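A short worksheet on the structure shown next.
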Amino acid sequence: MKNGFIKTAIFTFASAILYKLSKKSMQLRKANKEIYMPSKEFFVDSNINGKKMVFLGSSITHGLASKGKSFVDFLNVEHGVNTIKEAVSGTTLAGEEESSYVSRMKNNLNTDENIDLFACQLSTNDQRKKKPIGKISDSYNLEDFDINTTIGAMEYIIEYVQKNWDCPTVFYTCLRKPDPGYELLREKLFELQKKWHFAIIDVWNNKEIKKMNHNNPYFMADDAHPTCAGYRYGWTPLFVKNLDQMFAL
């Protein structure tokens, strides 16, 4: 009798878990349906039409949980931005590996192109992969920055962009569950801004997106990665607003 009760309880618990997983899976499939994908039918005239912009990042810039479509693709298709999406999932700002932000910037991007804006994701992977955060340098010279640290890599990217493309740099933060490591890196980003005077699109601290995600759980596949619906209704409007203002000046 007792064993039967335990088996029933286990079966009920397992069924509840499977139901929740199935429901979540259905919601994610719905949030990545064609109706949420970038479409020329929603093209908008604005100050960013025709601008060439680089987006350097990892999975959130790539669109890992949204069939490879992210806010970058919405900017391209629906806002006429000539986008260069240099995004590889799981990669870090810091490091000399071929996949690091610095290496891909140097190896994959043409310095002879005319770039109107360079945008870089504040990676969520550096702390997870135990990259040292480093410190802000007193120097402005490329050779003085330690690219094996996150801050050193960021300073290298900023100076490399200024030296080769002479265009504005924008860093953008990402949504995360409570994460002291990422929050510290975000704080350092704002300190770094005082030295280099770049723009920041602070998704991490955007109350409207957080509220929207709370009311629409299917906008996020997990704590960090949006679905296509999440990019359409949350991330893209925020980027359009900020970028449009930059080019309105």
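Just so you know, residue 1 is the first one in the sequence shown, and it goes up from there. Owing to the predicted nature of the structure, the values given are computational and were not obtained by experimental measurement. Hydrogens, waters and symmetry mates are skipped; everything else that's a heavy atom, side chains included, is used.
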Could you tell me if the ring centre of F55 sits under 6.0 Å from that of F71?
yes

- Centres of the Y172 and W204 rings: under 6.0 Å? no

dist T236:OG1 -> H79:NE2 (nearest 0.5 Å) comes out at 6.5 Å

key: Pair E78 + K40: basic N to acidic O under 4.0 Å   = no

Would you call R176 and E183 a salt bridge, using N to O less than 4.0 angstrom?
no

Compare every heavy atom of [Y] with every heavy atom of [X], then report the nearest pair and how far apart it is.
X    : Y    : result
Y156 : K106 : OH-NZ, 3.3 Å
I60  : S70  : O-CB, 3.8 Å
N49  : D45  : OD1-CA, 3.1 Å

Q: Would you sort out whether I201 and L238 count as a side chain to side chain contact (heavy atoms under 4.5 Å, CB included), showing the intermediate values?
A: CA-CA 8 Å; I201 299 178; L238 177 63; 4.0 Å; yes

Polar side-chain atom of [X] near backbone of [Y] as donor-acceptor pair, under 3.5 Å:
X    : Y    : result
E96  : S103 : no
N216 : M212 : yes
D126 : A94  : yes
T173 : V203 : yes
R104 : E86  : yes
N32  : A65  : yes
N141 : E143 : no
Y140 : W196 : no
T169 : I158 : no
D116 : K51  : no

Can a donor-acceptor pair be found between the side chains of [X] and [Y] at a distance below 3.5 Å?
X    : Y    : answer
S137 : E155 : no
H225 : S59  : yes
T149 : D146 : no

Using 30° and 60° as the class boundaries, would you call the ring planes of [X] and [Y] parallel, tilted or perpendicular?
X    : Y    : value
W235 : Y231 : perpendicular
F198 : F171 : tilted
Y218 : Y36  : tilted

**Message:** Both conditions, 6.0 Å and 45 degrees, for the charged tip of R232 above the ring of F42: are they met here?
**Reply:** yes

Taken in chain and number order and not counting sequence neighbours, the residues that satisfy side chain to side chain donor-acceptor pair (under 3.5 Å) with R186 are D202

Side chain to side chain contact (heavy atoms under 4.5 Å, CB included) for E159 and F145? Distances and angles first, verdict last.
CA-CA 10 Å; E159 176 57 17; F145 304 132; 4.0 Å; yes

Steps toward side chain to side chain contact (heavy atoms under 4.5 Å, CB included) verdict (M220, L175):
CA-CA 10 Å; M220 298 291 290; L175 297 173; 3.9 Å; yes

Heavy atoms of other groups near K211 NZ, more than 12 under 6.0 Å
no

